[in-house]
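Sequence lines set the chain letters: A, B, ... in the order given, protein chains first and strands last, and positions in each chain run from 1.
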Amino acid sequence: MSFFKIWEFVMLFFGGLILVYMLVVVISYGIMLLFAFFQLRRQYKLEKQDIDEGYIDLFFSKPISIIVPAFNEEVGIINSIHSLLSLRYPQTELIIVNDGSTDGTQQEVIKEFKMVKVDEIIREQIPTKPIKNIYHSEIFPHLWLVEKENGGKADALNVGINFSNYPYFCSVDGDSILDEKSLLRVMKPIILGNGDVIGAGGNVRIANGTQVQMGTVFQTKLSKNYLVVMQVVEYMRAFLMGRMALSTFNLILIISGAFSVFSKKHVVEVGGYSNHMIGEDMELVVKLHRYLKENKINKRIEFVPDPVCWTEAPESLSVLRQQRRRWHQGLIESMTKHRKMSFNFKYGRIGLISFPLFWIVECLGPLIELGGYIYVIIAFFMGDIYYEFSLLLILLFVIYGTVFSVASILLEAWAMNTYPKIREVFVLMLMSLTEIFWYRPLTLIWRCEGFIQVLLKRKDWGSMNRVGLSKKGI
Amino acid sequence: MKYIETKQKEWYSYLIEDREPSSTLIPNNESEVKAVEEIFSSYLYNISDSEILAKIKLFSNNYLKEYYRSRIRSHRWSTRMNALYHIFDFQMDELVEECEQLEIKKLTLQEQVQLLKIYSICHKEVFITKLLQCPTTLTEYEYKKVLYRLDPTVLEQLIVRMDDLPLECQYSLIDILGVKREPQYLSFLESCLHNDDAEIRIRTLKAIFEIGIITDLDKYLPFITSQIWEERLMMAKLLGALPISITSSYLQELLEDENWWVRTQAAKSIGRNKDGKIVLQSYINSSNDRYAIEMANQVLGKES
C-alpha cells in the first residue's frame with residue numbers, strides 16, 4: 001500500500017508545483033499584456049512621429065557605424081550591402097568584416113564596390129584575431145571592408161568596433177531584411193534619450209511572405225506554411241507580453257542581435273562581445289546591465305515598439321529544432337555565467353525581477369510545462385480528484401497558450417494595423433487555437449533538449465549555421 | 001481620398017498659382033479636414049516658401065480653427081497631440097490662447113514640447129518665460145527641436161538669459177549657434193570658453209569650429225594643454241582651419257598627445273593644409289615618437 005501513498009504524494013506535489021508555476025506565469029504575463037494594451041491605446045491614431053518621417057538631419061541625430069560580420073555569404077552579401085547603403089540616416093559608415101571566408105565573399109564585394117586596399121591604423125580597444133587587410137570603396141566613401149582571420153561572429157563584431165569611428169554602432173546579421181527607416185527607428189531612443197540610453201533594439205518580425213519595394217518592407221501575404229504562421233503568432237505575443245513592459249522599467253535582458261544599436265564606449269568597457277558563447281547578443285546585454293549596476297551608472301537599454309528588422313523564419317521542423325535548442329542553450333549559458341546577479345539587491349530590478357523571471361519562466365519553464373503536459377495525461381486516466389486537477393491545469397494551459405495569443409493578435413491588428421486583411425487575422429487566431437496541441441509541446445521538447453545539452457556541456461551543434469544566430473527572445 | 005483627387009487642382013491653383021480660393025475648398029466634415037491636412041503637410045514638406053505658408057496659415061486660421069479648438073480639448077492624448085502638431089505646422093496663431101489654457105491641466109512631456117514649439121513661432125513674447133517656467137526638463141533633442149526655428153531676435157534674448165537655462169538647454173543653444181554659422185554670435189561663444197562646465201567649453205569649441213573664424217588665437221591656446229582630451233581634440237580640429245605657418249608647432253605638440261583620437265585629428269589637420277605634407281615629412285625625419293610617426297605616415301599614405 002505504501003507505494004500508492006508515495007505515488008499519491010508525488011502526484012499531489014508535482015500537481016501543486018505545476019499549478020503554482022502556471023498561476024505565476026499567467027498572472028505575470030497578464031499584467032504585461034495589460035501594460036502593452038494601455039501603452040498602445042495611448043498612441044492609437046497618433047499621426048506624426050518626427051523621427052519616423054525621415055527628414056531628420058545630422059544636427060539632431062548621432063553618427064553611427066554599421067557593422068556586418070560576414071562568413072561565407074557570397075550569395076546574399078551584395079544584396080545586403082545594397083540595402084544597407086539605402087538606409088535613410090544622415091551620417092553612417094558601413095563596415096563589412098570578412099571573418100576569414102573561404103568562398104568568394106571578399107572577391108564579390110571588392111569587385112562590386114570597386115574596393116582598393118588602404119593603410120589604416122586600427123586602435124585595438126578590444127583584443128581580437130589579427131586583421132589581414134583593409135579595403136575602401138571608391139564608389140561609396142563610407143563603405144569599408146576588413147579582412148581578418150576566422151574567429152567567429154563575436155570576434156568579427158569586435159573587429160568592427162575597433163575599426164569604427166563613430167560613438168554608436170549597429171550590428172546587422174547578414175540575413176536580416178531592413179526597411180529604409182530601420183536605422184532611424186532603432187536610434188530613436190538614443191537620439192531622444194539625452195545620452196542616457198546606451199543600447200537599443202527593435203521589434204523583429206518574420207520576413208516569410210514579405211516583399212521589399214523601394215526600400216519599404218510590405219507584408220504581402222501570410223505564409224502558407226503552418227510552422228511559419230505559428231512563429232508569427234509567437235513573435236507577436238513575445239513582443240506584446242514581454243518586451244514592451246520590460247523595456248519601460250529597464251528590465252530587458254535580450255535584444256535581438258539581428259539588428260541592434262549600442263554605445264561603443266560602454267561596450268568597450270565591458271570588453272565587447274564574448275567569444276565562445278552561443279548567444280553573444282544576450283550575453284552583451286547582460287554584461288552591460290551588470291557593468292551599469294556595478295559602477296552605479298544610471299543608464300538604460302531600451303526596446304523600440306516599431307518593427308525594425310525582418311528575419312527569415314525556419315520553414316522546416318529540423319531547422320526550427322536546431323534554432324530553438326541553440327537559443328535555449330545560449331540563454332542558460334548567459335544566465336549561469338551571471339547567476340550571482342539573481343536575487344541580488346546590488347543589481348536592483350535586474351537582479352530582483354528580470355533574473356528570477358528568466359530563471360523561472362525561460363530556463364525551468366519548459367521543463368515544468370512539459371511535466372505539466374505529461375501530468376495532465378496521467379492524471380486524466382487516474383480519475384478521482386486528479387481529474388478535476390487536470391481540468392484546472394488544462395484551463396490554465398489554454399489561457400496561457402491560446403487566450404494570450406488571441407489577445408495579442410487582436411491588439412496588434414487594432415493598434416498597428418500590420419495585417420490589414422480580416423481573413424488573415426482569422427487565420428492567425430485559428431492557428432493559435434491549435435498551438436497547445438502541437439507547436440507548443442514541440443518547442444518545449446526542443447528547449448528541454450537544449451537544457452540537457454547544457455548539462456552535458458555539448459557545444460558542437462550547428463556551430464556555423466547562420467539561421468540559428470538571429471535571436472528572438474521571448 | 002476622393003477629396004484629395006477632386007480638389008488637388010483647385011488647391012494647386014490657390015497655393016501656387018495665386019488664384020482666388022473658391023469656397024468649395026472649405027472642408028465640411030472630418031474626413032475632408034484630414035484630406036486638407038494631408039495636402040497642406042505635403043506642400044509644407046516639399047516646398048519651403050513663405051507665401052505658401054502664409055496662405056496655409058490664413059486658411060487654417062479662418063476655417064480650421066473650430067475643428068482644432070475642440071480637438072485640443074479631447075480627452076484622448078493622441079487626438080490632442082495630432083492637433084498640436086498641426087497647429088504648429090500651419091502656424092495657427094489664433095489658437096494660442098486656447099493652447100495656453102491647456103497648461104492648467106497636467107501635461108505630458110510631449111505636449112509641453114509641442115506647446116513650446118507653438119509659442120516659439122506664434123507667441124514669441126511669452127516664449128522665453130514659458131521656457132524658463134517649464135516644469136520638467138526636456139532632453140537635448142527636444143530643446144534643439146524647440147530652438148531650431150527660433151527667430152534671431154528671440155535667440156538674442158535667450159543668449160542674454162543663458163545662465164538661467166537648464167544645462168541641457170544651454171548645450172542645445174550652443175549647438176544651434178554652431179549650425180547657424182553666423183559670425184555675429186562669435187563674441188558670445190568666446191565668452192563661453194571660460195564656462196565652468198567642461199561640456200559647454202567643448203561644445204563651444206565645436207560651434208566655433210563650425211563657424212570657422214578665429215579672431216584671437218591666444219584665447220584658445222590654453223586648451224592645447226587642457227586636462228580634458230575632448231578639448232584637446234577640438235583644438236586639433238580647430239587649428240586645422242588656420243594657416244599651417246601659425247599652427248605647425250601646436251599641431252605637432254598635439255600629434256604626440258597621449259590620446260589616440262587627438263593624435264589622429266592632429267595628423268589629419270596638418271595633412272589638410274596645403275603645405276601640411278612637408279611639415280609631416282620633416283616631422284617624421286626628426287621625431288622619435290613611434291606612434292606619432294605612424295599616424296603621420298598614414299595621413300601621407302592616403303594623400304599620395
Side-chain angles (χ1 to χ4, degrees), chain A residues 38-63 90 116-125 134-136 138 141 144 162-167 184 187-197 264-265 268 299-300 302 414-416, chain B residues 34 37-38 41 44-46 74 76-86 88-89 108-110 113-114 117 137-145 147-148 166-168 171-172 175-176 178-180 199 210 259-261 263-265 267 291-302 304:
Chain A
F38 284 115
Q39 233 176 12
L40 287 176
R41 193 180 69 163
R42 210 170 89 109
Q43 287 166 15
Y44 184 55
K45 282 194 170 163
L46 187 64
E47 285 160 19
K48 202 159 155 175
Q49 298 196 311
D50 283 341
I51 292 180
D52 211 49
E53 303 274 305
Y55 49 84
I56 173 171
D57 60 21
L58 180 62
F59 175 59
F60 293 111
S61 63
K62 305 192 169 162
V116 287
K117 209 187 257 183
V118 288
D119 270 334
E120 277 281 324
I121 301 168
I122 293 187
R123 192 184 178 204
E124 199 180 84
Q125 288 177 291
I134 293 163
Y135 299 86
H136 186 202
E138 287 187 320
W144 304 82
N162 284 339
F163 183 78
S164 66
N165 279 307
Y166 296 142
L184 284 167
M187 277 299 278
K188 200 155 136 186
I190 290 176
I191 294 170
L192 291 172
N194 234 3
D196 287 342
V197 179
K264 190 165 79 179
K265 184 180 147 209
V268 168
K299 308 248 176 198
R300 279 171 298 142
E302 267 193 29
W414 166 71
M416 309 216 171
Chain B
K34 288 248 180 290
E37 279 174 352
E38 205 168 300
S41 297
L44 289 173
Y45 174 50
N46 293 309
S74 161
R76 195 180 267 280
W77 179 82
S78 51
T79 309
R80 292 200 303 273
M81 276 311 286
N82 285 339
L84 288 175
Y85 276 127
H86 288 123
F88 172 73
D89 285 345
T108 61
L109 185 65
Q110 289 99 319
V113 173
Q114 206 50 35
K117 280 165 77 181
T137 321
L138 318 186
T139 65
E140 255 181 63
Y141 171 83
E142 288 152 347
Y143 278 123
K144 281 182 182 174
K145 279 267 164 198
L147 302 182
Y148 195 56
L167 213 48
E168 285 83 0
Y171 297 156
S172 311
D175 285 354
I176 297 261
V179 289
K180 297 241 172 205
E199 183 65 28
E210 299 281 348
N259 183 286
W260 194 86
W261 296 107
R263 291 199 302 272
T264 319
Q265 185 55 51
Y291 291 112
I293 292 174
E294 216 172 68
M295 202 65 84
N297 266 324
Q298 187 194 329
V299 171
L300 284 179
K302 250 197 238 167
S304 56

Return yes if some donor-acceptor pair links the side-chain N/O of B:Thr139 with the main-chain N/O of A:Leu192 below 3.5 Å, else return no.
->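 Between the backbone of A:Leu192 and the side chain of B:Thr139 there is a qualifying donor-acceptor contact (under 3.5 Å).
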Any residue meeting side-chain hydrogen bond (donor to acceptor under 3.5 Å, both in side chains) with A:Ser164, in chain and number order, not counting sequence neighbours |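 Per chain and number, A:Ser164 pairs via side-chain hydrogen bond (donor to acceptor under 3.5 Å, both in side chains) with A:Lys264.
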Residues in side-chain hydrogen bond (donor to acceptor under 3.5 Å, both in side chains) contact with A:Lys299, at least two apart in sequence or another chain = none
To the nearest 0.5 angstrom, please state how far the [atom1] atom of [X] sits from the [atom2] atom of [Y].
X: A:Asn194; Y: B:Glu168; atom1: CG; atom2: CD; result: 5.0 Å
X: A:Ile121; Y: B:Trp260; atom1: CD1; atom2: CH2; result: 7.5 Å
X: A:Lys62; Y: B:Tyr141; atom1: NZ; atom2: OH; result: 11.5 Å
X: B:Leu300; Y: A:Asp119; atom1: CG; atom2: CG; result: 11.5 Å

Is chain A contacted by the side chain of B:Leu138, its backbone, both, or neither, given a heavy-atom distance below 4.5 Å?
-> backbone
Counting only heavy atoms closer than 4.5 Å, note whether B:Thr108 contacts chain A via side chain, backbone, both or neither.
-> side chain
A:Asn165 versus chain B, the contacting section by heavy-atom distance below 4.5 Å =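 The answer is both parts of A:Asn165.
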Enclosure of A:Arg41 CZ (heavy-atom neighbours >12, cutoff 6.0 Å) | no
Shortest non-hydrogen contact from B:Trp77 toward A:Arg42 = CE3-O, 3.3 Å
